[in-house]
Amino acid sequence: MPDVMIVVPTYDEIEGLERTVGRLRQSVPHAELVIIDDGSPDGTGELADRLAKADAGTLVIHRTERGYRSAVIEGMRFAMSRGATRVVVTDADGSYDADGLPELLAVSQSGVDLVIGSRFVEGSDVRNMGPRRRWAAQIGNAYARAMLSTGVKDLTSSLRVYRTRILERIDLDAIEVDAYAFQIAMAVRVAQAGGTIAEVPIGFIERAVGSSKMRVFEELATLGAVTKWGLSGVRALPKPPR
Ligand SMILES: Nc1nc2c(ncn2[C@@H]2O[C@H](COP(=O)(O)OP(=O)(O)O[C@H]3O[C@H](CO)[C@@H](O)[C@H](O)[C@@H]3O)[C@@H](O)[C@H]2O)c(=O)[nH]1
């Protein structure tokens, strides 16, 4: 029974997947890793099968539906069904530095319900992020912080460690937003469920292989969702970590 399950959603990530999985498995060898692939046309699913065949700690779920949010939620549920106490979620392109994961897990082990690998706190090391994406992320995060009255600096980071005890208290089916807004919604839900949240600085290098699946409308949809939540009184005031 794994204590930690790493969830890696994939769609057309054939170029970077093997390296990313290798680095994650090396960084946290005691964890299991599950790739959730949505029938990628580029053969990512077949590559995932080969990686799983070569390594008992790597697993694959093939889906016929498509979507980041539903893939991550499926991975979370799979982790819970296998008895994991912590779920790591990260991207397949290797942009979030796997070397930082043990530190995130140590903070999680100390009892924090959601540990965010943060690009925007002191000590983080962000490279190659073009000005448009950097500004979109920073302005979006500043807006969300103000609207939701939270001090969390990187609400949209997708390198996270959740304790399953907090996921069990969240109605995952009730989350309707996807992409960046999904990341923010999860932080809000953790806070509303009484969970603690901490940020840990990480290394981040903007993807060098493959391409982003998120579209500009996702950024606009995120601003719309944050505005709606903020105006209706939703707050993401996490309990400070003990
Ligand atoms: N299974 C599955 N995986 C998907 C899908 N869409 C995207 N993914 C996977 O989800 C991860 C993130 O998608 P990207 O396309 O790399 O997103 P991004 O635009 O680079 O945005 C990333 O950074 C943001 C913060 O700046 C994050 O908020 C966002 O979640 C993501 O990590 C990648 O591993 C990608 O293959 C999908 O429909 N299905």
Side-chain angles (χ1 to χ4, degrees), residues 4-10 34 36 67-81 84-92 95-96 101 104-105 107-108 111-121 136-137 140-200 202 204 213-214 218-219 221-230 232-241:
V4 177
M5 176 72 74
I6 304 174
V7 173
V8 183
T10 56
V34 62
I36 317 279
Y68 176 80
R69 170 193 59 193
S70 64
V72 170
I73 289 176
E74 181 141 357
M76 288 170 166
R77 291 204 163 114
F78 178 72
M80 289 191 270
S81 75
T85 62
R86 268 98 48 81
V87 185
V88 175
V89 183
T90 191
D91 293 348
S95 47
Y96 293 88
L101 200 43
L104 268 75
L105 285 166
V107 174
S108 156
V112 178
D113 296 297
L114 167 59
V115 184
I116 298 176
S118 180
R119 297 161 297 173
F120 305 129
V121 290
N141 268 290
Y143 183 66
R145 261 200 313 281
M147 288 301 281
L148 304 174
S149 304
T150 175
V152 177
K153 295 252 170 35
D154 196 352
L155 286 160
T156 54
S157 165
S158 60
L159 171 57
R160 287 152 177 243
V161 184
Y162 295 91
R163 293 191 71 94
T164 48
R165 71 175 183 201
I166 201 76
L167 293 177
E168 281 158 3
R169 293 188 353 223
I170 295 172
D171 181 1
L172 297 170
D173 291 326
I175 301 177
E176 288 170 344
V177 289
D178 213 328
Y180 314 106
F182 171 72
Q183 312 292 10
I184 302 175
M186 284 303 296
V188 168
R189 296 300 169 115
V190 167
Q192 288 175 337
T196 48
I197 302 179
E199 288 182 275
V200 170
I202 38 126
F204 176 90
K213 314 301 164 321
M214 311 290 173
E218 303 282 11
E219 294 172 358
T222 302
L223 291 180
V226 166
T227 304
K228 193 175 120 198
W229 296 332
S232 60
V234 170
R235 297 289 176 262
L237 284 169
K239 276 207 298 189

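Quick caveat, the model's predicted, so the values are computed rather than measured. Any value given below was found using the heavy atoms of this structure, including those in side chains, with hydrogens, waters and symmetry copies removed.
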For this session: Would you indicate whether the side-chain heavy atoms of Ile202 and Leu104 approach each other to under 4.5 Å?
Result: yes
Exercise. Roughly how far apart are Arg119 CZ and Asn141 CG, rounded to 0.5 Å?
Worked result: 6.5 Å
For this session: For residues Val7 and Val87, report the shortest heavy-atom separation together with the two atoms involved.
Result: CG2-CG1, 3.7 Å
Exercise. Looking at CD1 of Ile116 and NZ of Lys153, how far apart are the two atoms once the value is rounded to the nearest 0.5 Å?
Worked result: 12.0 Å
For this session: Looking only at non-hydrogen atoms, find the nearest pair between Ala193 and Ile170 and report the distance.
Result: CB-CG1, 4.3 Å
For this session: Check whether NZ of the Lys or CZ of the Arg Arg69 lies under 6.0 Å from the centre of the six-membered ring of Phe182 and within 45 degrees of that ring's axis.
Result: no
Exercise. Side chain of Glu74, backbone of Ile36: donor and acceptor closer than 3.5 Å?
Worked result: no
Problem set entry | Test side-chain contact (heavy atoms from CB on, under 4.5 Å) applied to Val115 and Val88, Ile197, Val161, the passing residue | Val161
Exercise. If you take all heavy atoms of Ser157 and Gly117, which pair is closest and at what distance?
Worked result: OG-O, 2.6 Å
Exercise. In Å and rounded to the nearest 0.5 Å, what is the CZ to OG1 distance from Phe120 to Thr156?
Worked result: 6.0 Å
Exercise. What closest approach, in Å, do Ala225 and Val177 show between heavy atoms, and which atom pair accounts for it?
Worked result: CB-CG1, 4.1 Å
Exercise. Side chain of Asp113, backbone of Arg163: donor and acceptor closer than 3.5 Å?
Worked result: no
For this session: Could you pull out all residues at least two apart from Asp173 that satisfy salt bridge (Lys or Arg N to Asp or Glu O under 4.0 Å)?
Result: Arg77
Problem set entry | Atom of Ala181, atom of Trp229 and distance for their closest heavy-atom approach | O-CH2, 3.7 Å
Exercise. Does atom CD of Glu168 have more than 12 heavy-atom neighbours, drawn from other residues, nucleotides or ligands, at distances under 6.0 Å?
Worked result: yes
Problem set entry | Side-chain touch Met186/Leu172, heavy atoms, less than 4.5 angstrom | yes
Exercise. Is there a donor-acceptor contact under 3.5 Å linking the side chains of Ser108 and Arg160?
Worked result: no
For this session: Check for a donor-acceptor pair, side chain of Tyr96 on one end and backbone N or O of Ser158 on the other, with a separation under 3.5 Å.
Result: yes
Seminar exercise, completed: Taken to the nearest 0.5 Å, the spacing of Thr227 OG1 from Met147 CE works out to 5.0 Å
For this session: Evaluate the side-chain contact (heavy atoms from CB on, under 4.5 Å) criterion for residues Val234 and Val188: first the C-alpha distance (whole Å), next the side-chain angles of each, then the deciding distance (0.1 Å), finally the verdict.
Result: CA-CA 8 Å; Val234 170; Val188 168; 3.5 Å; yes
Exercise. Under the side-chain contact (heavy atoms from CB on, under 4.5 Å) criterion, do Leu159 and Leu101 qualify, and how do the steps go?
Worked result: CA-CA 9 Å; Leu159 171 57; Leu101 200 43; 4.1 Å; yes
Seminar exercise, completed: dist Arg86:CZ -> Leu167:CG (nearest 0.5 Å) comes out at 12.5 Å
Problem set entry | Exercise: identify the closest heavy-atom pair between Met80 and Thr164 | CG-CG2, 3.6 Å
Exercise. Can Met76 and Val89 be said to form a side-chain contact (heavy atoms from CB on, under 4.5 Å), step by step?
Worked result: CA-CA 8 Å; Met76 288 170 166; Val89 183; 4.3 Å; yes
For this session: Any chance you could measure Ile184, atom CD1, to Thr150, atom OG1, to the nearest 0.5 Å?
Result: 10.5 Å
